[in-house]
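Only one structure is covered here, and it is reproduced in the block below.
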Amino acid sequence: AVLLATTFGMLFGLLTAYILQNNLTPGREILSGIKRDQFYVVYQPVVDAKNLQVTGVEVLMRWKHPTAGEIPPDAFIHFAEAQQLIMPLTQHLFRLIAHDAPRLKTLLPEGAKLGINIAPGHLQDENFMQDIRQLSRSLPAHHFSIVLEITERDMLLNEVTARFEQLREEGYETAIDDFGTGHSALIYLERFTMDYLKIDRGFVNAIGTETVTSPVLDAVLTLAKKLNMLTVAEGVETPEQARWLREHGVHYMQGYYFSRPMTLQQFTEWRSPPFS
Ligand code: C2E
Ligand code: CA
Ligand code: CA
Ligand code: CA
C-alpha cells in the first residue's frame with residue numbers, strides 16, 4: 001500500500017509539476033484534451049477460464065498529452081474527479097466506445113462483455129443514467145453486455161450502491177473491482193447483489209512465488225462462490241498463475257499473459273495464441 005501510494009504520488013506529482021510550470025489549469029487541460037482528441041481507449045481481452053476463449057474486454061482510458069506525453073489513468077482520473085470533470089470525460093469515453101463498437105462487434109462473440117470503469121463522482125450525478133442509456137442505445141443491438149466496474153473503496157458510498165442496484169434492475173451487469181485492496185466492503189457484499197468480483201492483481205501476483213498458496217485468495221474464492229458471484233482474476237502474467245486459478249475455479253482471467261490492453265487497430269491484428 002505504501003509503494004502504491006508512493007507511485008501514485010509520483011505520477012500525480014509529475015502532472016502537477018508540469019501543470020504548474022506551464023501555468024496551466026488542470027481542468028482546462030482536460031477539457032482541451034477532450035476537444036483535441038487526446039484521449040483514446042485500449043481494450044484488454046478477458047478470457048473464460050474453462051476454454052480460454054475471449055469473452056469480452058475491459059475498456060481502459062489513455063491520455064496522450066502533446067507535451068507531457070502519455071499520462072496514466074490513475075493520475076488523470078483523480079484530477080478529473082477533483083475538478084468536477086469526470087462527467088464530460090466519461091461522456092467522451094462513451095462516445096469513443098460507441099464509435100468503436102461496430103468494429104468491436106466483428107472481433108467479439110455475441111454476448112461479449114464490455115467492462116467499463118466508473119468513477120463514483122459520475123455515478124452520483126443525476127445525469128448518469130441518461131448517459132449510460134445513451135451508450136447502451138448506441139451499441140449494436142443485443143451484441144454486448146455492459147459490465148460497470150467500481151472499486152471496493154467506492155462501494156462504501158451509499159449513493160454508489162443505490163445506483164448500482166438501479167443499474168442491475170435495468171439489465172446492466174456490475175462488478176466490484178480491485179477486491180481485497182480497499183477498506184473491506186464485506187458488509188455491502190451481503191447487502192447488495194453484484195455480478196462479478198474482480199480479484200486484485202496483488203493476490204494473483206503472489207501465486208507461484210510463495211511455497212504455500214495464498215490462504216486469503218482461497219478464502220476470497222470461497223466467499224465469492226457462497227455469494228453466487230462470478231470471479232475475474234486480474235493481472236495474470238504467467239501460465240503457472242493461469243493454471244492455479246483454473247484449478248481453483250476462477251471463472252474469468254485477464255492479464256499480460258493473455259494480452260496487454262490494445263488499441264482497436266492492434267486488437268484487429270491480434271491473433272490469440274493457444275494458451276495453456
Ligand atoms: P483497473 O480497473 O484495476 O484496471 C486494470 C489495470 O491493470 C490497468 O491499468 C491494466 O493495464 C493493468 N493490467 C492489466 N493486466 C495486467 C498484468 O498482467 N500485469 C500488470 N502489472 N498490470 C496489468 P491502467 O490501464 O493503467 O488503469 C489503471 C486504473 O485506472 C484502472 O485500474 C482503473 O481504476 C482506472 N481507469 C482506467 N480507465 C478508466 C476509465 O475509463 N474510467 C475510470 N473511471 N477509471 C479508469
Ligand atoms: Ca477495472
Ligand atoms: Ca482492478
Ligand atoms: Ca485499479
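Atoms within each ligand, like the ligands themselves, are counted from 1 in listed order. Small disclaimer: the values here were computed from a predicted structure and weren't measured. FYI, side chains are in, hydrogens and waters are out, and symmetry mates aren't considered; it's all heavy atoms of this structure.
The N, O or S atom of Glu149 with the smallest distance to the Ca ion (ligand 2) is OE1. Residue-level check: among N/O/S atoms of Asp178, OD1 sits closest to the Ca ion (ligand 3). The atom name of the N/O/S atom in Asp177 closest to the Ca ion (ligand 2) is OD2. With respect to the Ca ion (ligand 2), Glu58 has OE2 as its nearest N, O or S atom.
Note on ligand 1: Arg201 sits in its first shell, one or more heavy atoms being nearer than 4.0 Å. At least one heavy atom of Arg62 sits under 4.0 Å from some atom of ligand 1.
Not a single N, O or S atom of Asp200, from either the backbone or the side chain, sits less than 3.0 Å from the Ca ion (ligand 3). Asn117 lies close to the Ca ion (ligand 2), since one of its N, O or S atoms is found at a distance under 3.0 Å.
Applying the 4.0 Å criterion to heavy atoms of Pro73 picks out, from ligand 1, the atoms 24 (P), 25 (O), 26 (O), 27 (O), 28 (C), 30 (O), 36 (N), 37 (C). Per-residue contacts place Glu58 under 4.0 angstrom from the following atoms of ligand 1 (heavy atoms of the residue considered): 2 (O), 4 (O). Close contacts between ligand 1 and Ala119 involve ligand atoms 44 (N) [criterion: under 4.0 Å to a heavy atom]. Those atoms of ligand 1 that come under 4.0 Å of a heavy atom in Gln44, given as number and element, are 14 (C), 15 (N). Against a heavy-atom cut-off of under 4.0 Å, Gly235 is close to the following atoms of ligand 1: 16 (C), 17 (C), 18 (O). Short contacts between ligand 1 and Gly255, defined as distances under 4.0 Å to a heavy atom of the residue, involve ligand atoms 15 (N), 18 (O). Residue contact check: Asp74 has heavy atoms under 4.0 Å from atoms 28 (C), 29 (C), 30 (O) of ligand 1. Taking every heavy atom of Val236 and a limit of under 4.0 angstrom, the matching atoms of ligand 1 come to 18 (O).
Using a 4.0 Å cut-off between charged side-chain N and carboxylate O, Lys198 and Glu149 make a salt bridge.
Between Phe76 and Phe39, the ring centre distance stays below 6.0 Å.
In Glu234, the part holding a heavy atom less than 4.0 Å from any atom of ligand 1 is the side chain. Of all the heavy atoms of Lys198, none lies under 4.0 Å from any atom of ligand 1, so neither backbone nor side chain is involved. Contact annotation: for Pro261 versus ligand 1, heavy atoms closer than 4.0 Å belong to the side chain alone. Contacts between Asp178 and ligand 1 below 4.0 angstrom, taking non-hydrogen atoms only, involve the side chain exclusively.
Ring orientation note: the planes of Trp63 and His65 are nearly perpendicular, at an angle over 60° on the 30°/60° scale.
With hydrogens and angles ignored, the 3.5 Å screen pairs a side-chain donor or acceptor of Arg246 with a backbone N or O of Ala49. Panel note: side chain Glu159, backbone Leu123; no donor-acceptor pair is recorded below 3.5 Å. A distance-only check finds no donor-acceptor pair linking the side chain of His143 to the backbone of Leu139 [under 3.5 Å].
Of the N or O atoms in Asn117, one or more lie within a sub-3.5 Å distance of an N or O in ligand 1. Close N/O approach between Met61 and ligand 1 is found [any backbone or side-chain N/O within under 3.5 Å].
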Checklist entry - Going through the checks in order, is the side-chain hydrogen bond (donor to acceptor under 3.5 Å, both in side chains) test met by Asp131 and Gln91? => result CA-CA 7 Å; Asp131 293 340; Gln91 288 167 340; 3.1 Å; yes

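No donor-acceptor contact under 3.5 angstrom links the side chains of Gln130 and Gln134, judged on distance only.
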